[in-house]
Amino acid sequence: MNVLVTGGAGYVGSFSVRLLERSGHGVWVYDNLSKGHRGAVAEDRLIVGDLKDRQLLEKVLRDNQIDAVMHFAALAYVGESVEHPAAYYENNVVGTLSLLEAMRAVGVGRIVFSSTCATYGEPTEAPITENEKQQPINPYGFTKLVIERALADYANAYGWGYAALRYFNAAGASAEGEIGEDHQPETHLIPIILQVALGQRQHVSVFGDDYPTPDGTCIRDYIHVDDLATAHLAALDRLDSGTEMKLNLGTGQGASVHEVIEACRRVTGHPIPTEVSERRPGDPPTLVADASLARQTLDWQPEYTDVESIVESAWRWHQSHPNGFGD
Ligand code: UFG
């Protein structure tokens, strides 16, 4: 199959690109490099372009006889989305509608879409099933929900097949340590902790230790990016006309901020000083996936089932690439 991967030079996208290539698919990466890294993908596969450039998208889809799209390109910082909602609506909603319309013009009707647990807002149950009400509490989550809805409408009206994959906390790096997480600025917990272990930061701020959880810190479901990639491929294989999949992707295991810091201490052998600070606005206490529907539907299961093994892979990457991709 010929697959166009938008945002394929970004963190989760680059892992799916690698797996698609290894599985024998024809792969083209479409990325404006605002967040992605040139070094994360092969140069001859990369098309530098913006989602809002519909003409270029149509040309790329047509010229390369694309059969399906994996759509990762998005702005994805919760805090930033609260401060600059316009950029999120512009990129995640307007940009995605431009992509969908380019696909429609060319007759490509299959898409795997990066959605998020942030579409659930503050869930009432843990673990969270797909039946949980989607009531996002920030613009980022809302932009992703809008596109889930658009895809359902396109499937209904135009017979498209789609998968909306709701990731929990993507983490880790490739087993060989050649690609991994590199966000500018970095806001995610595991890379921040590992930057402390590398001596690049003095300490980790623990954002609140008075949450209603056993140790008072927030609980998240960390899922390895390679496991996200295998789920994307499995979804792609099952995308027929009219197929609608809305699936949580997580391990089903929660880890608190303190537990993640402990795992990093064990893996790195570094003491990792911490300081408790204010809660970060918009952080729900607990987000853990019930991913049984994805396991069933995709005949998939995560290979990395504990935080320590995820941290081990991330640590190899951070040690070998202390400045990330260096771009
Ligand atoms: N945290 C700290 N200190 C830090 C960084 C994070 O204590 O320096 C805590 C956060 O408060 C949170 C946990 O670590 O409780 C994980 O935080 P991340 O920033 O690593 O990840 P998030 O859970 O905020 O974000 C993830 C995805 C988003 C998605 C969001 C849904 O990265 O794309 O889950 O809530 F939108």
Side-chain angles (χ1 to χ4, degrees), residues 7 10-13 35 72-82 85 88 91-92 113-123 126 128 132 134-145 147-148 164-172 180-197 200-225 228 248-251 254-264 272-289 307 310-311 314:
Y11 178 41
V12 185
K35 301 282 176 199
F72 295 94
L75 296 178
Y77 290 115
V78 170
E80 185 185 66
S81 79
V82 177
Y88 279 71
N91 196 77
N92 297 2
F113 171 60
S114 300
S115 190
T116 169
C117 62
T119 59
Y120 293 117
E122 295 202 26
I128 304 164
E132 177 76 30
Q134 288 178 293
Q135 295 175 316
I137 55 169
N138 51 61
Y140 167 63
F142 195 74
T143 60
K144 291 288 183 172
L145 181 56
I147 298 306
E148 281 201 14
L165 303 180
R166 299 173 187 158
Y167 316 157
F168 282 62
N169 284 56
E181 192 164 7
D182 177 7
H183 295 109
Q184 300 295 337
E186 192 51 79
T187 60
H188 295 95
L189 181 63
I190 293 176
I192 283 178
I193 301 171
L194 296 179
Q195 286 171 357
V196 175
Q200 296 173 335
R201 291 175 191 255
Q202 298 298 313
H203 67 269
V204 179
S205 297
V206 174
F207 297 151
D209 66 352
D210 56 352
Y211 281 97
T213 60
D215 68 18
T217 64
C218 286
I219 294 175
R220 294 287 179 273
D221 182 337
Y222 295 88
I223 174 149
H224 196 280
V225 265
L228 290 179
N248 288 342
L249 295 181
T251 62
S256 71
V257 172
H258 278 324
E259 286 169 339
V260 174
I261 293 169
E262 269 312 316
C264 292
I272 308 183
T274 59
E275 274 182 18
V276 177
S277 63
E278 291 292 298
R279 289 183 178 195
R280 189 172 63 177
D283 274 342
T286 302
L287 290 172
V288 177
V307 167
I310 294 176
V311 168

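Atoms within each ligand, like the ligands themselves, are counted from 1 in listed order.
With hydrogens left out, the protein atom closest to atom 22 (P) of ligand 1 is N169 ND2, 3.5 Å, a heavy atom. Looking only at protein heavy atoms, the nearest one to atom 15 (O) of ligand 1 is C218 CB, 3.0 Å.
Inspection of the E80 and Y88 side chains reveals an N or O donor paired with an N or O acceptor under 3.5 Å. Between the side chains of S114 and Y167, at least one donor-acceptor pair of N or O atoms lies under 3.5 Å.
Contact atoms of ligand 1 toward A76: 33 (O) (distance under 4.0 Å to a heavy atom of the residue). Taking a cut-off of under 4.0 Å to the non-hydrogen atoms of T116, the atoms of ligand 1 that pass are 29 (C), 36 (F). Counting atoms of ligand 1 from 1 in the listed order, those under 4.0 Å from a heavy atom of S205 are 2 (C), 3 (N), 4 (C), 7 (O), 8 (O). Against a heavy-atom cut-off of under 4.0 Å, V78 is close to the following atoms of ligand 1: 36 (F). For ligand 1, the atoms closer than 4.0 angstrom to any heavy atom of T187 are 5 (C), 19 (O).
The shortest heavy-atom contact between I137 and G282 is CD1-O, 3.7 Å.
A 4.5 Å side-chain heavy-atom check between E259 and T217 finds every atom pair outside the cut-off. Looking at heavy atoms from C-beta onward, I128 lies in side-chain contact with F168 at the 4.5 angstrom threshold. Counting only heavy atoms from C-beta outward, the side chains of D283 and R220 approach each other to under 4.5 Å.
Taking a 4.0 Å cut-off on heavy atoms, Y222 registers as neighbouring ligand 1.
Here the shortest heavy-atom distance to atom 24 (O) of ligand 1, taken over R280, R220, H188, belongs to R280. Of all the listed residues (L287, V260, D283), L287 holds the heavy atom that lies closest to atom 35 (O) of ligand 1.
Between H188 and H183, the ring planes are tilted. Angles from 30° to 60° get that label.
When heavy-atom distances to ligand 1 are checked against a 4.0 Å cut-off, A170 has no atom that comes that close, whether in backbone or side chain. Contacts between Y77 and ligand 1 below 4.0 angstrom, taking non-hydrogen atoms only, are absent altogether.
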